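All chains are named by letter (A, B, ...) in the order of the sequence lines, taking the proteins before the strands, and each is independently numbered beginning at 1. Since the model is a prediction, treat every value here as computed from it, not as a measurement.
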Amino acid sequence: MKKADIFEFYRRLAELNPSPETELESVNIYTLLVAVVLSAQSTDAGVNKATRALFATVRDPQAMVELGEAGLKSHIKTIGLFNTKARNVIALSHLLIDKFGGEVPTDRDALETLPGVGRKTANVVLNVALGAETFPVDTHVFRVANRTGLAKGKTVMAVETILERQTPQPFRTHAHHWLILHGRYTCKARTPECWRCPVIDLCAFRPKSLPPAKIPASIR
DNA sequence: ATCCCGAGGG
DNA sequence: CCCTCTGGAT
């Protein structure tokens with residue numbers, strides 16, 4: 001996508017939602033980390049439903065370890081991949097206590113040493129908790145970037161590299177959330193709702209599937 | 001049947 | 001690169 005169009009793309013999403021935030025609920029950086037780990041291949045709404053009860057009493061690694069894997073599983077049974085996630089969250093909590101003084105590390109390499117934490121999760125924690133200019137590429141960002149032509153890449157890493165390089169300064173901290181919210185509510189996976197898309201004229205997908213709207217002269 | 005703020009292992 | 005883990009919503 002052309003440089004001027006990239007700027008205009010973000011400018012419009014920013015105008016509609018000046019300060020976008022994550023829809024994952026958390027009470028501190030530790031619970032944020034846990035929520036993001038739990039969110040893999042699951043909806044934010046589904047994760048929130050489970051974590052509301054969990055985070056009411058468990059808000060730090062020590063409490064999580066005391067709850068135990070079986071106890072955690074009973075809280076997250078309704079979330080996909082819950083066996084692996086429960087194991088990872090308990091292991092990750094032990095590691096935070098043993099190697100990081102009970103605190104969540106704030107650099108990407110350290111975060112990625114935690115079980116269940118990959119590049120995308122680390123990028124989300126850094127962006128949401130610290131306001132870092134990271135570009136987590138999830139299913140929505142990957143789809144929106146490729147479909148619209150904003151950043152075409154065959155892998156999530158390729159897309160992240162392009163976003164990191166091309167995103168204009170005023171939009172760098174929130175770009176991730178604008179793309180994800182646009183993907184979740186408008187540029188949906190199965191049936192994108194192009195009729196209410198604010199950037200339809202900048203989109204590479206629109207011309208092929210939906211012809212440009214022709215408004216009859218009679219109603220103009 | 002497809003998708004949801006993926007990661008780890010082969 | 002591929003596959004598996006997994007329940008809930010649509």
- Reckon A/Arg143 has a side-chain N or O less than 4.0 Å from the OP1 or OP2 of B/dC5? no
- Message: Suppose you measure atom C1' in C/dC1 against the same atom in B/dC4; what distance do you get, rounded to whole Å?
- Response: 23 Å
- Query: Any side-chain heavy-atom pair from A/Ile97 and A/Val65 closer than 4.5 angstrom?
  - Reply: yes
- Item | Whole-Å P distance, B/dC5 and C/dC2 | 23 Å
- Message: Any carboxylate oxygen within less than 4.0 angstrom of a Lys/Arg side-chain nitrogen, looking at A/Glu8 and A/Arg11?
- Response: yes
- Query: Just how far, in rounded Å, is P of B/dC3 from CZ of A/Arg147?
  - Reply: 10 Å
- Task: Among the candidates B/dC5, C/dC5, B/dC4, find the nucleotide nearest to the side-chain atoms of A/Leu81.
- Result: C/dC5
- Query: Roughly, in whole Å, what's the span from CG in A/Leu24 to P in B/dC4?
  - Reply: 14 Å
- Ring centres under 6.0 angstrom apart (A/Phe171, A/Phe7): yes
- Task: For A/Asp138 and B/dC4, give me the distance from atom CG to atom P, rounded to whole Å.
- Result: 8 Å
- Message: Any carboxylate oxygen within less than 4.0 angstrom of a Lys/Arg side-chain nitrogen, looking at A/Glu160 and A/Lys120?
- Response: no
- Indicate, with a heavy-atom threshold strictly under 4.0 Å, whether A/Val36 touches base, sugar-phosphate, or nothing. nothing
- A/Thr121 side chain near B/dA7 phosphate (N/O to OP1/OP2, under 4.0 Å): yes
- A/His140 side chain N/O closer than 4.0 Å to the phosphate oxygens (OP1, OP2) of B/dC4? yes
- Message: Measuring only between side-chain heavy atoms, which start at C-beta, is A/His177 closer than 4.5 Å to A/Asn127?
- Response: yes
Polar atom pairs between nucleotides 8-10 of chain C and protein, under 3.5 Å, N or O only, would you list them?
unit_1 : atom_1 : unit_2   : atom_2 : d
C/dT10 : O2     : A/Arg190 : NH1    : 3.3

- Item | Between P of B/dG6 and CD of A/Gln41, the distance in whole Å | 5 Å
- Item | Pairwise 5' ranking along DNA chain C for A/Thr155 and A/Ser42, keeping only the more 5' one | A/Thr155
- Message: I want to confirm an ordering. Mapping A/Gly116 and A/Glu23 to their closest nucleotides on DNA chain B, which one lands closer to the 5' end?
- Response: A/Glu23
- Grab the CD-P distance between A/Glu112 and B/dG6 for me, whole Å please. 15 Å
- Task: Select base, sugar-phosphate, or nothing to describe what A/Val37 touches, counting heavy atoms under 4.0 Å on all strands.
- Result: nothing
- In whole angstrom, what separates A/Asn83's CG from C/dG7's P? 8 Å
- So, does the side chain of A/Thr22 form a donor-acceptor pair with the base of B/dC5 at under 3.5 Å? yes
- Query: Rounded to whole angstroms, how far apart are CZ on A/Arg87 and C1' on B/dG9?
  - Reply: 12 Å
- Message: For a quick test of reading the model: is some side-chain N or O of A/Asn88 closer than 4.0 Å to OP1 or OP2 of B/dA7?
- Response: no
- Can you tell me how far P in C/dG8 sits from the matching atom in B/dG8, rounded to whole Å? 24 Å
- Message: Quick test of your reading of the model: are A/Lys49 and A/Asp44 salt-bridged, counting only N-O distances below 4.0 Å?
- Response: no
- Go through the side-chain N and O atoms of A/Lys99 and A/Thr113 and say whether any donor and acceptor fall under 3.5 Å apart. no
- Item | Protein-nucleotide distance (A/Ile76, atom CD1; C/dT6, atom C1'), rounded to Å | 11 Å
- Query: For A/Asn28 and A/Arg59, does a side-chain donor sit closer than 3.5 Å to a side-chain acceptor?
  - Reply: no
- Nearest-Å distance once atom P is located in both C/dT6 and B/dG10: 16 Å
